[in-house]
Amino acid sequence: MSIIVRFAPSPTGFLHIGGARTALFNWLFARHHGGRYLLRVEDTDRQRSTKEAVAAIFDGLDWLGIESDEPPVFQAERIGRHQEAVRRLLDAGHAYRCYASVEELEAMRAAAKAKGVPARYDGSWRDRGVAEAPEGVAPAVRFRAPQSGRTVVRDLVQGEVVFDNGQLDDMVLLRADGTPTYMLSVVVDDIDMGITHVIRGDDHLNNAARQTNLFKALGAEVPRFAHIPLIHGADGAKLSKRHGAVSVSAYREMGFLPEAMRNALLRLGWAHGDDEIISAEQAVAWFDLDAVGRSAARFDLDRLLALNAHYIKERPDAELAGLVAPLLKAKGFDLDATGRGRIEAGMGGLKQRARTLVELADNAVFYVERRPLTLKDKAGRHLADDAVRRMLERLAGHIVGLGSWDEAALESACRAFAGGEGLGFGKVAQPLRVALTGGTVSPGIFEVMRVLGRDEVLGRLEDAAQGRNLAERQGGRNLAAPQED
RNA sequence: GUCCCCAUCGUCUAGCGGUUAGGACAUCACCCUUUCAAGGUGAAGACACGGGUUCGAUUCCCGUUGGGGAUGCCA
């Protein structure tokens with residue numbers, strides 16, 4: 001039997017990282033076993049579902065490269081099937097109409113809680129006939145769940161979990177307005193879609209028991225369940241808005257690469273020995289449910305950052321230049337051919353120093369800035385001394401006629417100059433760096449000179465010598481504040 | 001309250017009865033060095049507790065504690 005799994009988000013908000021990981025695990029599981037991965041939008045709650053959320057979820061999944069093997073199924077469009085299933089259940093005596101009001105239900109729960117018994121619907125309409133129905137009250141339809149015995153969920157991750165049927169109440173299948181609830185639609189749709197394995201967050205573990213009984217009542221085979229542990233926030237609680245960045249799109253905006261995100265998500269609750277950097281191909285080859293852990297994990301931004309730094313280094317320079325261009329544009333730097341050329345030529349040194357695309361863009365600014373440069377933070381003090389400026393002027397004179405403008409030639413010329421001045425190389429390099437980049441932190445100075453080109457270097461040197469640089473600007477927006485030396 | 005799940009360094013984890021309890025991130029040193037990174041080397045850092053079972057428990061069982069989840073006409 002071929003494996004069919006699905007990711008079934010409810011479009012009541014953005015795609016958060018927990019959902020993204022669930023999708024990833026499903027997708028990986030299908031790919032690994034040569035099965036199919038489907039997408040189903042659980043939008044039976046018409047009040048809270050929005051088109052924007054659907055778009056955000058699709059967009060996030062797309063960005064992560066988790067593509068569905070078939071067009072997405074919209075649950076709301078399948079109401080007919082759900083209602084039909086309820087009719088069958090009603091006919092077979094597996095369901096009944098319940099006329100209890102919302103107030104009554106609340107009272108029931110409060111009473112149960114006070115008595116210390118499971119808070120659940122008391123089943124008072126289980127065996128009452130329609131004749132007793134109060135007037136003008138539209139009934140909800142409830143499942144007639146088994147009241148004794150136990151339901152066993154054989155879970156691929158959690159093992160065998162036993163529930164006392166006395167704990168499980170008669171869940172609502174159809175609301176009073178005739179719309180299906182989640183509990184009903186998941187089961188009907190999973191049956192119709194031929195889902196063989198249900199991989200989802202373990203906040204659904206309890207539901208698995210109730211759904212198991214529904215599957216049986218519907219005469220269907222119960223799929224295999226795999227409830228994966230939740231991802232928690234830094235405080236150890238279930239992820240919510242108050243945990244800061246939780247949406248996939250937020251991470252995208254922070255400058256993370258999808259491959260880094262996937263790698264990070266993959267390693268939450270799943271491991272393959274000591275492997276940390278895992279490619280998409282390896283993930284497919286290695287992933288299986290037996291290696292999924294059972295304890296909740298916290299999402300660690302530092303790890304993501306480290307992974308992202310790794311994947312940035314692995315990306316070709318041209319690709320990174322393309323990724324950074326729009327970020328630079330947003331900062332007001334529209335790249336011309338020269339700018340683009342410099343960004344790509346300087347990418348080697350740039351990408352060594354960035355953990356996010358945002359940092360990469362911030363650090364690349366000096367390559368596309370127009371003269372005279374605006375000095376960063378307190379960098380100006382390196383250029384404040386008149387003797388230093390004259391030194392820079394002499395340096396310009398020393399390199400202006402250089403035969404070749406490559407890094408090796410630049411280095412030997414600059415070192416020779418420093419020697420001639422009786423200065424340690426650092427005494428020359430740092431003012432030079434500030435003159436050329438406007439800051440005290442940058443890629444290797446010879447690389448910078450090479451990328452900038454002779455004219456620009458000479459021009460920036462002259463600006464510095466003449467004291468033409470502009471006063472400091474606001475500090476960078478790097479995740480890691482740039483260190484002052 | 002009731003039910004369910006979980007428990008190895010700060011974090012993510014390896015471990016599947018006998019290990020100097022391993023790796024990664026973060027931290028701290030040192031090396032390299034034109035700054036910052038990167039890289040290299042090293043350090044510090046964990047089996048929640050109590051009972052069993054066993055020749056032997058991080059590992060198996062029970063309990064305690066702690067954390068989480070579910071208790072909806074949300075999903």
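Below, chain A is the first sequence line, B the second, and so on; all start at residue 1.
- Atom name P, nucleotides B:A44 and B:A24: the rounded distance is 15 Å, in whole Å.
- Using P as the reference atom, B:U64 and B:C3 are 12 Å apart when rounded to the nearest Å.
- One finds no salt bridge joining A:Asp202 and A:Arg294 here, because no Lys/Arg side-chain nitrogen approaches an Asp/Glu carboxylate oxygen to under 4.0 Å.
- None of A:Leu395, A:Asp385, A:Leu436, A:Leu392 except one satisfies the side-chain contact (heavy atoms from CB on, under 4.5 Å) rule with A:Pro431; the exception is A:Leu392.
- Taking atom CE of residue A:Met108 and atom P of nucleotide B:U2, one finds them 21 Å apart after rounding to whole Å.
- Between the CZ atom of A:Arg353 and the P atom of B:G39 there is a distance of 12 Å, given to the nearest Å.
- Contacts of A:Thr12 with the nucleic acid, taken as non-hydrogen atoms under 4.0 Å apart, are absent.
- A side-chain donor from one of A:Ser442 and A:Arg433 sits under 3.5 Å from a side-chain acceptor of the other.
- B:G23 sits 14 Å from B:A46 when the P atoms are compared, rounded to a whole Å.
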For A:Arg262 and A:Leu64: C-alpha separation, side-chain torsions, deciding distance, then whether side chain to side chain contact (heavy atoms under 4.5 Å, CB included) applies. CA-CA 7 Å; A:Arg262 283 171 49 132; A:Leu64 286 169; 3.9 Å; yes
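- In this structure, A:Leu304 atom CG and B:A26 atom P are separated by 12 Å, rounded to whole Å.
- Nucleotide B:A44 has no partner under the Watson-Crick or G-U criteria, as no pair reaches both atom distances under 3.5 Å.
- When each of A:Ser442 and A:Tyr182 is assigned the nucleotide of RNA chain B with its nearest heavy atom, A:Ser442 is the one assigned upstream, toward the 5' end.
- Taking atom P on both nucleotides, B:C4 is separated from B:G52 by 27 Å, rounded to a whole Å.
- Partner of A:Asn26 under the side-chain contact (heavy atoms from CB on, under 4.5 Å) criterion, out of A:Leu38, A:Ile228, A:Ile199: A:Ile199 alone.
- Atom C1' of nucleotide B:G67 and atom CD1 of A:Ile231 are separated by 17 Å, given to the nearest angstrom.
- Figure legend. B:C25 is base-paired to B:G10; pairs are counted as Watson-Crick or G-U wobble with both atom distances under 3.5 Å.
- For the pair A:Arg450 and A:Phe446, the cation does not sit on the ring face, since its NZ or CZ is not both under 6.0 Å from the ring centre and inside 45° of the axis.
- Judged by the 6.0 Å distance and 45° axis criteria, A:Arg142 is not positioned over the aromatic ring of A:Tyr96.
- Between A:Asp274 and A:Leu205, the residue anchored closer to the 5' end of RNA chain B is A:Leu205, taking for each the nucleotide with the nearest heavy atom.
- Base pairing of B:U71 is made with B:G1, judged by Watson-Crick or G-U wobble geometry with both donor-acceptor distances under 3.5 Å.
- Nearest to the side chain of A:Phe163, among B:C36, B:C5, B:C3, sits B:C3.
- A distance of 4.0 Å separates OG1 of A:Thr151 from CG of A:Asn213, quoted to the nearest 0.5 Å.
- The same atom, P, is picked in B:G15 and in B:G51; the two are 28 Å apart, to the nearest Å.
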Which pairs, protein N/O on one side and nucleotides 8-12 of chain B N/O on the other, fall under 3.5 Å?
{"unit_1": "B:C12", "atom_1": "OP1", "unit_2": "A:Arg298", "atom_2": "N", "d": "3.0"}
{"unit_1": "B:C12", "atom_1": "O2'", "unit_2": "A:Arg267", "atom_2": "O", "d": "2.9"}

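- As rounded to the nearest Å, B:A29 and B:C6 have P atoms that lie 41 Å from one another.
- As rounded to the nearest Å, B:A21 and B:G45 have C1' atoms that lie 13 Å from one another.
- Here B:C4 presents its C1' atom at 9 Å from CD of A:Gln158, a figure rounded to the nearest Å.
- Looking at heavy-atom distances under 4.0 Å, A:Gln352 makes contact with a base.
- The side-chain tip of A:Arg150 does not point at the ring of A:Phe163 from less than 6.0 angstrom away and within 45° of straight on.
- In this structure a side-chain-to-backbone donor-acceptor pair under 3.5 Å is missing from A:Asn165 to A:Gln147.
- The residue A:Val162 sits close only to the backbone: its heavy atoms come under 4.0 Å of sugar-phosphate atoms, none of a base.
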Please list each protein N or O that sits under 3.5 Å from an N or O in nucleotides 69-73 of chain B, with the distance.
{"unit_1": "B:G69", "atom_1": "OP1", "unit_2": "A:Lys238", "atom_2": "N", "d": "3.2"}
{"unit_1": "B:G69", "atom_1": "N2", "unit_2": "A:Asn206", "atom_2": "ND2", "d": "3.4"}
{"unit_1": "B:A70", "atom_1": "OP1", "unit_2": "A:Lys238", "atom_2": "NZ", "d": "2.6"}
{"unit_1": "B:A70", "atom_1": "O4'", "unit_2": "A:Asn206", "atom_2": "ND2", "d": "3.4"}
{"unit_1": "B:U71", "atom_1": "O2'", "unit_2": "A:Ala119", "atom_2": "O", "d": "2.8"}
{"unit_1": "B:G72", "atom_1": "OP2", "unit_2": "A:Arg109", "atom_2": "NH1", "d": "3.3"}
{"unit_1": "B:C73", "atom_1": "O3'", "unit_2": "A:Arg175", "atom_2": "NE", "d": "3.4"}
{"unit_1": "B:C73", "atom_1": "O2", "unit_2": "A:Ala176", "atom_2": "N", "d": "2.9"}
{"unit_1": "B:C73", "atom_1": "N4", "unit_2": "A:Ala100", "atom_2": "O", "d": "3.0"}

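- Across all strands, A:Lys313 comes closer than 4.0 Å only to sugar-phosphate atoms, never to a base (heavy-atom distances).
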Just the atom pairs and distances: protein N or O near nucleotides 32-34 of chain B's N or O, under 3.5 Å.
{"unit_1": "B:U34", "atom_1": "OP1", "unit_2": "A:Arg415", "atom_2": "NH1", "d": "3.2"}
{"unit_1": "B:U34", "atom_1": "OP1", "unit_2": "A:Arg415", "atom_2": "NH2", "d": "2.6"}
{"unit_1": "B:U34", "atom_1": "O2'", "unit_2": "A:Arg433", "atom_2": "NH2", "d": "3.3"}
{"unit_1": "B:U34", "atom_1": "O2", "unit_2": "A:Arg433", "atom_2": "NH2", "d": "2.3"}
{"unit_1": "B:U34", "atom_1": "N3", "unit_2": "A:Ile445", "atom_2": "N", "d": "3.4"}

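- When the C1' atom of B:G15 is taken as reference, atom NE2 of A:His272 falls 15 Å away, rounded to whole Å.
- Of the residues listed (A:Arg210, A:Arg126, A:Arg120), the one engaging A:Asp170 in a side-chain hydrogen bond (donor to acceptor under 3.5 Å, both in side chains) is A:Arg126, and it is the only one.
- Between A:His272 and A:Trp286, the ring-plane angle classifies as parallel under the 30° and 60° cut-offs.
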Please evaluate residues A:Arg81 and A:Asp189 with respect to the criterion salt bridge (charged side-chain N to carboxylate O under 4.0 Å, His left out), reporting the C-alpha separation (whole Å), side-chain torsions for both, the decisive distance (0.1 Å), and the verdict. CA-CA 8 Å; A:Arg81 283 292 291 161; A:Asp189 290 348; over 6 Å; no
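- In this structure B:G50 sits in a base pair with B:C62, meeting the Watson-Crick or G-U test at under 3.5 Å.
- Rounded to whole Å, the separation between the P atoms of B:C28 and B:C62 comes to 43 Å.
- The nearest whole Å value for the distance from the CG atom in A:Leu168 to the P atom in B:U2 is 17 Å.
- Considering CD of A:Glu259 and NE2 of A:His310, their distance stands at 9.0 Å, rounded to 0.5 Å.
- One can place CD of A:Glu447 at 13 Å from C1' of B:C36, the figure rounded to the nearest angstrom.
- Using N1 to N3 plus N6-O4 or O6-N4 for Watson-Crick, or N1-O2 and O6-N3 for G-U wobble, each under 3.5 Å, B:C32 pairs with nothing.
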